[in-house]
Participant: 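Input: one structure, supplied below.
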Amino acid sequence: MTEATGSAEQTGRAEPDNSAALRYTAELAGQIEARWQERWAAEGTFSTPNPAGSLAEPDKIGNRPKLFVMDMFPYPSGAGLHVGHPLGFIASDCYARYQRMAGRNVLHTMGFDAFGLPAEQYAVQTGQHPRITTEANIVRYRAQLRRLGLGHDPRRGVATTDDDYYRWTQWIFLQIFNSWYDESAGPSGTARPISVLIAQFESGARPTPDGRPWDDLSESEQRAIIDGHRLVYLSEAPVNWAPGLGTVLANEEVTADGRSERGNFPVFKATLKQWMMRITAYAERLLTDLDNLDWPEPVKLMQRNWIGRSEGALLDFPVTTVKGEDRVISVFTTRPDTVFGATYMVLAPEHPLVDELTVESQRDAVATYRASAETKSDVERQVERREKTGVPTGSYAINVATGARIPVYVADYVLMGYGTGAIMAVPGQDERDWEFAEQFGLPIIRTVQPPADFDGKAYVGEGPAINSANDEISLDGLGVADAKKAIIDWFEQRGAGTGTVTYKLRDWLFSRQRYWGEPFPIVHDEVGPIALPESALPVVLPEVDDYSPRTFDPNDRNSKPEAPLSRAHDWVEVELDLGDGPMRYRRETDVMPQWAGSCWYYLRYTDPANDTALVDPVVEEYWLGRHRDDPHDPGGVDLYIGGVEHAVLHLLYARFWHKVLYDLGYVTSREPFRRLFNQGYIQAYAYTDPRGSYVPAEEVEEITSGSYEYHGQAVQREYGKMGKSLKNVVTPDEMCEQFGADTFRVYEMSMGPLDQSRPWETRAVIGSFRFLQRIWRNILDEDSGSVTVAEVSAGEETRRILHRTIDGVRRDLDALRFNTAIAKLIELNNHLTKEYADQPVPLEVAEPLVLMVAPFAPHLAEELWSRLGHSSSLAYEQFPIADPALLVEETVTCVVQVAGKVRDRLEVPVGISEAELTELALATAGVRRALGARGVRTVVVRAPRLVNVVPE
RNA sequence: GCGAGAGUGGCGGAAUUGGCAGACGCGUCGGACUUAGGAUCCGGUGCCUUCGGGCGUGGGGGUUCAAGUCCCCCCUCUCGCACCA
């Protein structure tokens, strides 16, 4: 890079002609923008008043209704921003600025999701503390975002790594830890303080699992029972363990071929003691409460699928173990109506009954099969997806419906993690079971009559039951739904089964063996985990010499993770008085996952400096409370803008935490985000040379349509993400330098609908620049700098155009249709350019135009507003309101069609009668010519806009 | 395989309820101003045309006075899930 000289040629700035003193160039835009950003900061323009607490300024709120507009906060990465990142931030800012001008008290700010792996890995490489790089990145991000003119309340922009913030993350953890889910409360249960449960055991109101009196249990027995009820618990869980990385990974950090996304190390399933959060307790509420959220349907659908509710039945199949003991295999099925067709059973390889049921002669085969299933990677399962494998245990169960002895197999197409880990196999009505039955020569009995034209194998559709009767019950002839009901009743009467509901949702793995995350507020004694008191918060992340987890041979599947904090011996070993006098404890050395901090940051935005509570209840209810007039309103953030990549995990975890806080009475809202909007992505072209290496995209030229050259060499174009390795990154800083922040904002908002992805095209940005330049010139003289607007009356036509624009822009902004709002503003401005080329633009049009453009190009608008003689910021000026009288047309253009084709047009009064319009239309030259000799069959009239003449 | 969404000029896109297809912008062509132009301004720009008009919203069929919009079949692309009993 050469040093910037400021000349147009070298910087590529859009400032070719500097002869005019006040020409709207990139340089002038930069000066204006810096000036207004300073003034907004100095005057606290976007400081939003709270009704109570440390930011309380009730007088400033007045009678304005509130609005909470928020972005998904960014991770402050070292790579910096490209033009795709701020798309949502700009959109939320335009909306927030508009709503502020429309009279709302708007809360809009930006924090940082700053714990996480990249900072830790950088620290491992450089030895520099992750806090240092994180804080440096935050400073840089703040500067970049400020340069864009985002109207954030700077007092509320929390970072998840602040001690004052993660103190409350830990506090929420304690509330969840100290709670249990009371299924018996209300229709779907509620979280309650664990003290309530303890009191129930102590009073005898709740029996102990084995029926002994509570007081007879030892302390450790009591603790085990209580810990088993908590919403956070320690569990032996199968996790993704990457020895080469030295850490466990979340599922989304593992590639499709079973390796780590970073480092490409093998990943093994290992069973390790991990912290889990009991999100499954909330499955039903997380599902049903989706109905009242104003969210994109695809996101709701993804959450529904993720939760995966199925209705069915648990059925018991009696079985005798090798040793002659009576047991039952309990299975979950969604099709209890097909039980008469269950001709064999399958246990998952990990099922606890496998050992007891495997006969001597099958021992080796089963052991071999289980071992191979255990080591099978995900990719192998993928490849073998359709090939069914398995081995018989040699034991038989009884199908109580038919009385038949049916064989019990072990097969990996049954998963231990879903249902009971065992199935009744009904090949007649299940494709997987059909395949397995064919492979192993097992009997197939149809229990649902397929239609006559059905030529497939397993039939999974509707139909009357057949072959489904015994001495006590017959399902034959019943439809699927009725048959289900009848057979569940029969099983329930016999005590051999029950109707039930199952979910795919699993509990949330909450431990990470890493350094750069929130420490748990937990210590351990010999018996188990003990929560620290709130007074011990925050549990500050200790200094360590080495931030890296211990790594192993990448293929050493028997290795165990060793968390970085476990080496901080002085911190881990601690003497505390937790009520029974000073005792020695070991601190928990895992840290929380990155999702923890992002689960509740929206709450902290509302009350960032509160040091006695997570959030003041009055403040929470003000910003997030439910609408009183709508019983279905769940409350929450009024608008949450972010990418669809968080459709499930972040948004589900945040909903879960919010519901716990609701149950425990800390928040009044039932949901965190009332309305969600997914912005699209900005994509980019990348170019590869014949060897397949990427070449700098900005130096590629289009030779002819569809063919491209880089320095005279033909290159291939591809379309996708923007990224350093693709050599196609364009940064906001470059755009601000070349055009100014206002132009960049207008361009991003005018590219297309916000929810759609679209390609970045730097050469098209000039159009937005020209638009702002023309506004500038319509209002002041760029040579003298004097305002040319005059207090003259706008003509009738101009006035109507203005008010139509106001009306349309308001509608578009309300619906987040920024691209069409900008198009309407351009039209209005182009009208002024043409109509007032030789005379001053009337003030009554200039001022509303400036106000309407302000959400998009706030600096330019502020500058013009002040030059128009206003001393204060326009941030709180009334957004223009259309005069309804001026929206009503007096005459309209009527389209005259013959056989549906436009043949003529008429300018007619709006109130014209159908008869009169028909007469006028039939007389037009266009109609007579098109009709020729033909007569008229009918005339369709939609007065005053359309007439369609139908010829014979 | 299942589920969801999308296909409109050279490009990004517009078109409340079925009612003027292509708003607005980029690009491009012509002109003005200029020593100069990757600036700015003005004008043209869906395709074909014998200048009457004809054809056009992924392809094919249908409903209707009228279809980008509604219905049926097919093609392509993107995203999500993927042995969930």
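Quick caveat, the model's predicted, so the values are computed rather than measured.
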Participant: Can you see if the side chain of Ser310(A) gets near the phosphate of A85(B) - specifically, an N or O under 4.0 Å from OP1 or OP2?
Facilitator: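 Checking Ser310(A) against A85(B): at least one side-chain N or O falls below 4.0 Å of OP1 or OP2.
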Participant: Could you check whether Asn778(A) and Thr833(A), counting side-chain N and O atoms only, form a donor-acceptor pair closer than 3.5 Å?
Facilitator: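 Yes.
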Participant: Under 4.0 Å, counting only non-hydrogen atoms across every strand here, what does Arg945(A) touch: a base, just sugar-phosphate, or nothing?
Facilitator: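 No contact at all - Arg945(A) keeps every heavy atom at 4.0 Å or more from the nucleic acid.
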Participant: With both distances kept under 3.5 Å, what pairs with G18(B), Watson-Crick or G-U wobble?
Facilitator: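 Partner of G18(B): none found under 3.5 Å.
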Participant: Would you mind telling me which residue lines up with the more 5' stretch of RNA chain B, Val949(A) or Gly308(A), judged by nearest nucleotide?
Facilitator: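 Looking at the nearest nucleotide for each, Val949(A) comes out on the 5' side.
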Participant: Rounded to whole angstroms, how far apart are CG on Asn778(A) and P on U40(B)?
Facilitator: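 Asn778(A) atom CG is separated from U40(B) atom P by 15 Å.
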Participant: Give a yes/no on whether any side-chain N or O of Arg23(A) is located under 4.0 angstrom from OP1 or OP2 of A39(B).
Facilitator: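 False: Arg23(A) side-chain N/O out of range (4.0 Å or more) of A39(B) OP1/OP2.
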Participant: Just checking Arg774(A): base, sugar-phosphate only, or nothing, at a heavy-atom cut-off of under 4.0 Å?
Facilitator: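 Counting heavy atoms under 4.0 Å across all strands, the contact made by Arg774(A) is with sugar-phosphate only.
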Participant: Look at all strands and tell whether Thr820(A) reaches a base, only sugar-phosphate, or nothing, counting heavy atoms closer than 4.0 Å.
Facilitator: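 Sugar-phosphate contact only - Thr820(A) comes under 4.0 Å of backbone atoms but never of a base.
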Participant: If the cut-off is 4.0 Å, is Arg777(A) near the phosphate of C41(B), judged by side-chain N/O to OP1 or OP2?
Facilitator: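 Yes, Arg777(A) has a side-chain N/O under 4.0 Å of OP1/OP2 on C41(B).
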Participant: Counting distance alone, no hydrogens or angles: does the base of C83(B) have a donor or acceptor under 3.5 Å from a partner atom on the side chain of Lys388(A)?
Facilitator: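 Per atom types, the contact qualifies.
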Participant: Take Phe739(A) and Tyr747(A), measure what ring pair (Phe, Tyr, Trp, His ring centres under 6.0 Å) needs, and give me the verdict at the end.
Facilitator: CA-CA 10 Å; Phe739(A) 300 100; Tyr747(A) 176 65; 8.7 Å; no
Participant: Using a 4.0 Å heavy-atom cut-off across all strands, classify Ala764(A) as base, sugar-phosphate, or nothing.
Facilitator: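 Sugar-phosphate contact only - Ala764(A) comes under 4.0 Å of backbone atoms but never of a base.
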Participant: Go ahead and name the base partner of G7(B); Watson-Crick or wobble counts if both distances stay under 3.5 Å, otherwise write none.
Facilitator: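 G7(B) is paired, partner C75(B).
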Participant: Rounded to whole Å, how long is the line connecting atom CG of Leu946(A) with atom C1' of A67(B)?
Facilitator: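 Spelled out: CG on Leu946(A) to C1' on A67(B) is 14 Å.
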Participant: Determine whether Thr280(A) and Tyr503(A) make a side-chain contact, defined as any pair of heavy atoms from C-beta on separated by less than 4.5 Å.
Facilitator: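 The answer is no, as the side chains (C-beta and beyond) never meet within the 4.5 Å cut-off.
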Participant: Contact class for Val765(A) vs. all strands (heavy atom < 4.0 Å): base, sugar-phosphate, or nothing?
Facilitator: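 Contact class for Val765(A): none.
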Participant: Taking the nucleotide of RNA chain B with the closest heavy atom to each, which residue, Asn830(A) or Asn819(A), is nearer the 5' end?
Facilitator: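 Its nearest nucleotide being more 5', the pick is Asn819(A).
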Participant: Asn305(A) has an atom CG; how far is it from atom P of G3(B), in whole Å?
Facilitator: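 To the nearest whole Å, that distance equals 11 Å.
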Participant: Would you mind reading off the distance between Phe856(A) atom CZ and C24(B) atom P, rounded to a whole angstrom?
Facilitator: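 Rounding to the nearest Å, CZ of Phe856(A) and P of C24(B) are 17 Å apart.
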Participant: With a non-hydrogen cut-off below 4.0 angstrom, is Ser750(A) in contact with a base, only sugar-phosphate, or nothing?
Facilitator: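 Result for Ser750(A) = nothing.
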Participant: Report yes if some heavy atom in the side chain of Leu828(A) is under 4.5 Å from a heavy atom in the side chain of Leu802(A); otherwise report no.
Facilitator: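 Yes, at least one pair of side-chain atoms sits under 4.5 Å.
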Participant: Can a donor-acceptor pair be found between the side chains of Glu645(A) and Tyr681(A) at a distance below 3.5 Å?
Facilitator: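 Glu645(A) vs Tyr681(A): donor-acceptor pair found between side chains.
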Participant: What is the base-pairing partner of U64(B), counting Watson-Crick and G-U wobble geometry with both distances under 3.5 Å?
Facilitator: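 Looking at the geometry, U64(B) pairs with no nucleotide.
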Participant: To the nearest angstrom, how far is Gln897(A) atom CD from C65(B) atom P?
Facilitator: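 Whole-Å distance recorded here is 14 Å.
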Participant: Is there a Watson-Crick or G-U wobble partner for G27(B) with both distances under 3.5 Å, and if so, which one is it?
Facilitator: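 Partner of G27(B): U45(B).
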Participant: From CD of Glu297(A) over to P of G5(B), roughly how many Å is that when rounded to an integer?
Facilitator: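 It works out to 9 Å between those atoms.
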Participant: Using a cut-off of strictly less than 4.0 Å, decide whether Arg942(A) has a side-chain nitrogen or oxygen near OP1 or OP2 of G18(B).
Facilitator: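 Checking Arg942(A) against G18(B): no side-chain N or O falls below 4.0 Å of OP1 or OP2.
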Participant: If I take atom CZ in residue Phe332(A) and atom C1' in nucleotide C83(B), what distance separates them, rounded to the nearest angstrom?
Facilitator: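 The distance from CZ of Phe332(A) to C1' of C83(B) comes to 16 Å, rounded to the nearest Å.
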Participant: Mind checking Val950(A) for me? I need base, sugar-phosphate or nothing, with any heavy atom below 4.0 Å counting as a touch.
Facilitator: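 Contact class for Val950(A): sugar-phosphate only.
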Participant: Output the rounded distance in Å from NZ (Lys901(A)) to P (G19(B)).
Facilitator: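 These atoms are roughly 18 Å apart.
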